[in-house]
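Here is the naming used below: chain letters follow the sequence lines, and residue numbers restart at 1 for every chain.
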Amino acid sequence: MAGKGRGPGPVRSTPMARAYDVRAVERKWQRRWSDEGTYEVDADDPRPPWYVLTMYPYPSGPAHMGHVRNYTFGDLLVRHRTMLGHAVLSPFGFDSFGLPAENAAIRTGTHPRSFTDARIEELKESITSLGAVYDWRREIRSHDPEYIKWNQVIFERFLEAGLAYRATAPVNWCPGCQTVLANEQVLADGTCERSGDVVVKRDLEQWFLRITAYADELLAGLDDLEWPERVKTMQRNWIGRSEGVEFDLVVEGRDGSHGRPRLALRVFTTRPDTSFGMTYAVVAPEHPMVDELTTAEHRPAVDALRARAAAASDVERLSESGAAGLGKRGAFTGSSVVNPFTGRPVPVFVADYVLMGYGTGAIMAVPAEDTRDWEFARAHGLPVVRTVQPPEGWDEHGGPDGGPGGAWTGDGAKINSDWLDGLDIPTAKERAAAWLDEQGLGTRTVNYRLRDWLVSRQRFWGCPIPVVYCERDGIVPVPEAELPVLAPDDVEFRPTGESPLATHQGFLHTTCPRCDGPARRETDTMDTFVDSSWYFLRFTDPWTPGMPFDPEVARHWMPVDQYIGGIEHAILHLLYARFFTKALGDVGLAPAGLREPFARLFTQGMIRMDGKKMSKSKGNLVAPSGYLETVGADALRLFHLFVGPPADDVDWTDQTDSVIEGCARFLDRVWRLSVPADGPASTASDALAPEDLAVRRAVHRLIDKVTRDYERWSYNTAVAACMEFVNLLHPYARSDGRHEVVGEAVDTLLLLLAPMTPHLAAEAWERRHGDHVHARGWPVADPALLIEETVTMVVQVNGKVRDRIEVPPEVDEGEAERLALASAAVIGVLNGVAPERVVVRPPRLVNIVV
RNA sequence: GGGGGUGUAGCCCAAUCGGCAGAGGCAGGGCGCUUAAACCGCCUGCAGUGAGGGUUCGAAUCCCUCCACCCCCA
């Protein structure tokens, strides 16, 4: 364990003595599951299919506790579903392209492939040693040439279908490194994480995937998914659909008369109802009309603003905290536009709080009803005209500085708006939009926050984009027969930040597949999110030649019945994968009817230490290896299931090791109960005594409880129920317990534990019965044994518990009330006072109100 | 700034439909076993649910205001 001085594994100086040879048992069964191919399934399996998938990991070396937690949940589901009678598809793979391997190559001179393959072996080994089982025949590595090939085929099909295109886009450019940076590589202060230079925006030709073509379907499809609400909300916000109006603001003096061509600024607004309150207009610094709008007098200020905006990130530009500095972040162009609603001119500003990428890159500003417009108007001394009546006292309450109340963005009656006066906002919106339509000034449009997906990366360790640039033929895709395009091995990694591909002459220069003339290869690679956007489909059939996967086989397994992963992928990965599933269907590579990849999603909590997420970069990783040596995989798995609800975060503390040992102690108790056989045999052949029956009832209540807990992802309470049951069983089995009752109890316990602690369950079961516990069916509770003979009825007086009475479960209201009022404790408390009211909820409760 | 989550015993957590605040574990204490200790077995405190208000016969649970921590977005 790095950095914290707690040392690997339990702090105890001598390892705790265990009831069985944990390491030998765990190794035996891991080998057995692998050798016998127990969890290999095929599409022609007669059992109903069930697809469980845990997000494939980036191979960063041996597993850490986050992996353990993740793969414990996944493995539990695989084994549980199998016991329920399904053919469970449980594949594993590696998201093996990415920056860390490339950085390691620069640092050590090792080729990213050998570095990555070594990390994969480590991770694979540690995942296996947890007892997690997979159909390893289906393993995917995204840097595998076969996977690269199909990635490239998919890209070319998208290109053909118009879903991939090349366009100019502003990118983060580091002048020091002479390269493009991903947003994550730009520090909060706008500098490059590597060189420290100030990162600037620069327009470059980049490849995009047209995810926006699916914006509406991506939004609508969320409704039917069994996903956590908050993930769905995050995706909805990310897509950011907004309905509004686009219309023209004619530049003053440029209405088309007097021999000068008409010039108009097109703006987008979601609030056409506020148009009468427009007191200025704003264009983004990148807007193409800025030059034409700017008069000579104001050019220096405008140019300075544009230079500063080019250096700022979108986040900085939109941040409210920067509102104080808005005075410096806007400049008057010297031009005015005419508000078509009032016929009056308003000034046009350039300001960085308007982004070119959203809407039309220009807005009408209504400070009375928009917070940022309000701040800007105040900074520049611009007028404010309210068009919505704020609630009583709004302005009197005052803003932060005691001035008027600020922008009012809520509902209210329209004012100062001529023919809209008195209307509510929705109606006024509708009327204003209709008017613009009638006047031929504007149209209703839908805008999305979602942008097309920029997939170009100036990196070496990624999937090459399979096109060449020919002087004669332009962009030419590499013919499918020549795929995959692979990066050359004889490259040199230099700490310049520049992809070695861009300077490798042998790779760079090629011939055009169409005209055989000289051509240049694309040297950008694809965003690694492309690899992860269809790997779940490849898992269903990585074998059929000539296609990435057979759509018919994919149809058999898809959608993934249960997808498991971290909340950090709530937006990008999960949105891209949804997009790919739809797009692949539309280009004929995936089943056409398959529109959603993941029917159910579960996002597990993360592991924290000292209040921070446990991660390699924070240097607070805890490795499972020490625990595997001491308490074993089963105890560690049990800990992760027991520590709390799976969706909650886990705090790794000084006391965690003790809790893990407690889990190991519990497993020892189970072992002693189950091996070699049962408790002392009873010779009695007569009917079960009440104490025997009590154990049988407890067994069936346990089946019922654990089964329901598994279904609701409440593993912590399932484990607690098993512990409680062992506490009950232990004295019975160790004294005069009947052979067959103890046998049923222990067998049931092992079956219920089999998905959680597979090695112990398998070994104990084999010793008892000689076969595989995981091949047995999931136990079913006998309803007759679930019926309670009596229940405890609580008797309250004014909500305070005064007595408890044992009653039959089917007791009726009248009898319950009679029993309650007859209680000596109640009579004593009432002391002759007649009840005012009696609330009867048989058979659990009677509340007497006086 | 917006959205979401969490807050119960010294600690991790239960309480599934508004009905007995405690299932389980950790740590602590006691007893048994032991030459002794560990292991093992048995027994056992300790909170009134972050704060305040409301609804209700009855609130950890529903509503409102606030506080603290965490996550996501801007």
Side-chain angles (χ1 to χ4, degrees), chain A residues 12-19 228-238 240 313-323 353 355 371-372 375 407 409 449 566-572 603 605-606 608 611-613 638-639 641-645 647-666 668-669 672 702 705 708-709 711-728 730-731 734-735 791-805 835-850:
Chain A
R12 195 177 296 277
S13 53
T14 51
M16 62 183 283
R18 294 296 303 268
E229 265 321 305
R230 66 178 183 136
V231 175
K232 294 207 261 184
T233 303
M234 282 160 74
Q235 291 218 346
R236 285 190 190 104
N237 292 341
W238 188 261
S313 70
D314 286 1
V315 174
E316 287 166 330
R317 285 174 54 172
L318 291 174
S319 70
E320 295 282 341
S321 58
Y353 77 95
L355 302 179
T371 317
R372 267 195 294 265
E375 300 288 348
T409 56
R449 203 186 148 279
I567 190 75
E568 66 271 22
H569 294 298
I571 296 174
L572 296 182
T603 50
M606 61 186 187
R608 291 196 313 225
K612 293 189 294 279
K613 181 189 166 106
L638 194 68
F639 162 77
L641 296 167
F642 182 55
V643 69
D648 287 7
D649 289 347
V650 179
D651 273 309
W652 200 271
T653 70
D654 294 331
Q655 287 154 53
T656 299
D657 284 342
S658 304
V659 178
I660 293 171
E661 281 191 52
C663 290
R665 252 194 312 269
F666 166 72
D668 282 345
R669 273 163 78 87
R672 286 191 215 99
L702 181 70
K705 165 79 176 157
R708 284 184 293 118
D709 280 351
E711 279 160 13
R712 65 185 184 115
W713 291 79
S714 186
Y715 304 121
N716 53 328
T717 54
V719 174
C722 290
M723 289 175 168
E724 187 183 6
F725 178 74
V726 167
N727 289 344
L728 175 137
H730 202 270
R734 283 287 166 264
S735 54
V791 292
T792 306
M793 185 173 77
V794 172
V795 184
Q796 301 176 332
V797 177
N798 288 336
K800 238 179 145 175
V801 180
R802 295 298 181 178
D803 199 5
R804 294 182 175 83
I805 305 172
E836 188 180 296
R837 182 176 166 190
V838 181
V839 179
V840 188
R841 295 281 180 276
R844 294 283 172 200
L845 174 130
V846 173
N847 187 13
I848 299 158
V849 186
V850 294

* Structure fact -> Per atom distances to the A/N727 side chain, the nearest of B/G19, B/G25, B/C72 is B/G25
* To do: Identify which nucleotide among B/A23, B/C71, B/C26 has an atom closest to any side-chain atom of A/A720, counting heavy atoms from C-beta outward.
  => B/A23
* Structure fact -> Which of B/G19, B/A15, B/C26 is nearest the side chain of A/V659? It is B/C26
* To do: Between protein and nucleotides 4-12 of chain B, map the contacts as a letter string: B base, S sugar-phosphate only, - none, heavy atoms under 4.0 Å, written 5' to 3'.
  => S------SS
* To the nearest Å, give me how far apart CD (A/E568) and P (B/C70) are. => 18 Å
* Asked: With rounding to whole Å, what would you report as the distance between B/C17 and B/C63 at their P atoms?
  -> 14 Å
* **Contact check, side chains of A/M793 and A/V840, non-hydrogen atoms, under 4.5 Å** => no
* Any side-chain N or O of A/R665 under 4.0 Å from OP1/OP2 of B/C26? -> yes
* Asked: Is there a Watson-Crick or G-U wobble partner for B/G28 with both distances under 3.5 Å, and if so, which one is it?
  -> B/U44
* Tell me: CZ of A/R669 to P of B/G24, nearest whole Å? -> 11 Å
* Specify the closest pair of heavy atoms between A/R672 and A/R734, including all atoms of both residues, with the distance to one decimal. => O-NH2, 3.0 Å
* To do: Ignoring hydrogens and angles, state whether a donor on the side chain of A/N727 or A/R669 is under 3.5 Å from an acceptor on the partner side chain.
  => yes
* Nucleotide of B/C73, B/G24, B/A15 approaching A/R449 most closely (side-chain heavy atoms) -> B/C73
* Asked: Looking only at atom P, what distance separates B/C62 and B/G7, rounded to whole Å?
  -> 11 Å
* Is the NZ or CZ atom of A/R449 both under 6.0 Å from the centre of the six-membered ring of A/W238 and within 45° of that ring's axis? -> yes
* Heavy-atom pair with the smallest gap, counting every atom of A/A664 and A/R18 -> CB-NH1, 3.4 Å
* Quick one: look up who B/G1 pairs with, Watson-Crick or G-U, both distances under 3.5 Å, and put none if it's unpaired. => B/C73
* For B/G24, glycosidic torsion class - syn if within 90° of 0, otherwise anti -> anti
* Structure fact -> Regarding B/C17, purine or pyrimidine glycosidic angle vs 90° from 0 gives syn
* Which nucleotide sits closest to the side chain of A/H730: B/C42, B/C73, B/G24? -> B/C42
* Work out which heavy atom in A/D649 is nearest to a heavy atom in A/M606; give both atom names and the distance. => OD1-N, 2.9 Å
* Return yes if the base of B/G19 and the side-chain atoms of A/R844 contain a donor-acceptor N/O pair under 3.5 Å, otherwise no. => no
* Quick one: label A/Q796 by what it contacts on the DNA or RNA (base, sugar-phosphate, nothing), any heavy atom closer than 4.0 Å. => base
* Asked: Where the side chain of A/W238 is defined as all heavy atoms beyond and including C-beta, which of B/C57, B/C73, B/C42 is the nearest nucleotide?
  -> B/C73
* **Listed nucleotide nearest any side-chain atom of A/D649, set B/G19, B/C70, B/U16** => B/C70
* Asked: Does A/R837 put a side-chain nitrogen or oxygen below 4.0 Å from OP1 or OP2 of B/C57?
  -> yes
* Hey, does A/V849 have a side-chain heavy atom less than 4.5 Å from the side chain of A/P835? -> no
* Hey, does A/V794 reach any base, or is it just sugar-phosphate, or nothing, if we go heavy atoms under 4.0 Å? -> base
* What interatomic distance, in whole Å, is found between C1' of B/A74 and the corresponding atom of B/C13? -> 35 Å
* Asked: Pick the nucleotide of RNA chain B nearest each of A/T717 and A/N237; which residue has the one closer to the 5' end?
  -> A/N237
* Structure fact -> Whole-Å distance, A/Q235 CD to B/C72 C1', equals 13 Å
* Rounded to the nearest angstrom, tell me the gap between atom NZ in A/K800 and atom P in B/A59. => 13 Å
* Check whether any side-chain nitrogen or oxygen of A/N847 sits under 4.0 Å from OP1 or OP2 of B/U56, and answer yes or no. => no
* To do: Verify the contact: side-chain N or O of A/N716 to OP1 or OP2 of B/A14, cut-off strictly under 4.0 Å; return yes or no.
  => yes
* Would you mind pulling out the nucleotide paired to B/U55, Watson-Crick or G-U wobble, both distances under 3.5 Å? => none
* To do: Could you please name the option among B/G41, B/C20, B/G19 that lies closest to any side-chain atom of A/V801?
  => B/C20
* Mark yes or no for a side-chain to base donor-acceptor pair under 3.5 Å between A/R804 and B/C20, with no hydrogen or angle criteria applied. => yes
* To do: In whole angstrom, give me the gap between the C1' atoms of B/A60 and B/U16.
  => 14 Å
* Heavy atoms only: give me the nearest A/D651-A/T656 pair and the separation to one decimal. => O-OG1, 3.9 Å
* Taking atom P in both B/A68 and B/A51, compute the distance separating them and give it to the nearest angstrom. => 15 Å
* Under 4.0 Å between any heavy atoms, over every strand shown, what does A/R708 touch: base, sugar-phosphate, or nothing? Just pick one. => base
* To do: Find the distance A/I567:CD1 to B/C72:P and express it as a whole number of Å.
  => 9 Å
* To do: Looking only at non-hydrogen atoms, find the nearest pair between A/L702 and A/A721 and report the distance.
  => CD1-O, 3.5 Å
* Structure fact -> Pairing partner of B/U6, by Watson-Crick or G-U wobble and under 3.5 Å for both distances, is B/A68
* Asked: Separation of A/W652 atom CH2 from B/C13 atom P, in whole Å?
  -> 14 Å
* **Any-strand Watson-Crick or G-U partner of B/A15, both distances under 3.5 Å** => none
* Which atom pair, heavy atoms only, marks the closest approach of A/F642 to A/C663? -> CD2-SG, 4.2 Å
* To do: Would you mind classifying the nucleic acid contact of A/K232 as base, sugar-phosphate or nothing, using non-hydrogen atoms under 4.0 angstrom?
  => nothing
* Asked: Expressed as a whole number of Å, how far does the C1' atom of B/G24 sit from that of B/U8?
  -> 15 Å
* **d(CZ, A/F666; P, B/C40) in whole Å** => 14 Å
* Whole angstrom value for the distance that separates P of B/C42 from CZ of A/R734 -> 10 Å
* Mind checking A/R802 for me? I need base, sugar-phosphate or nothing, with any heavy atom below 4.0 Å counting as a touch. => nothing
* **Pairwise C1' distance for B/C20 and B/G53, with rounding to whole Å** => 26 Å
* Salt bridge or not for A/R708 and A/E711, using N-O below 4.0 Å? -> no
* Asked: Say you pick atom C1' in B/C66 and the same atom in B/C12; how far apart are they, in whole Å?
  -> 28 Å
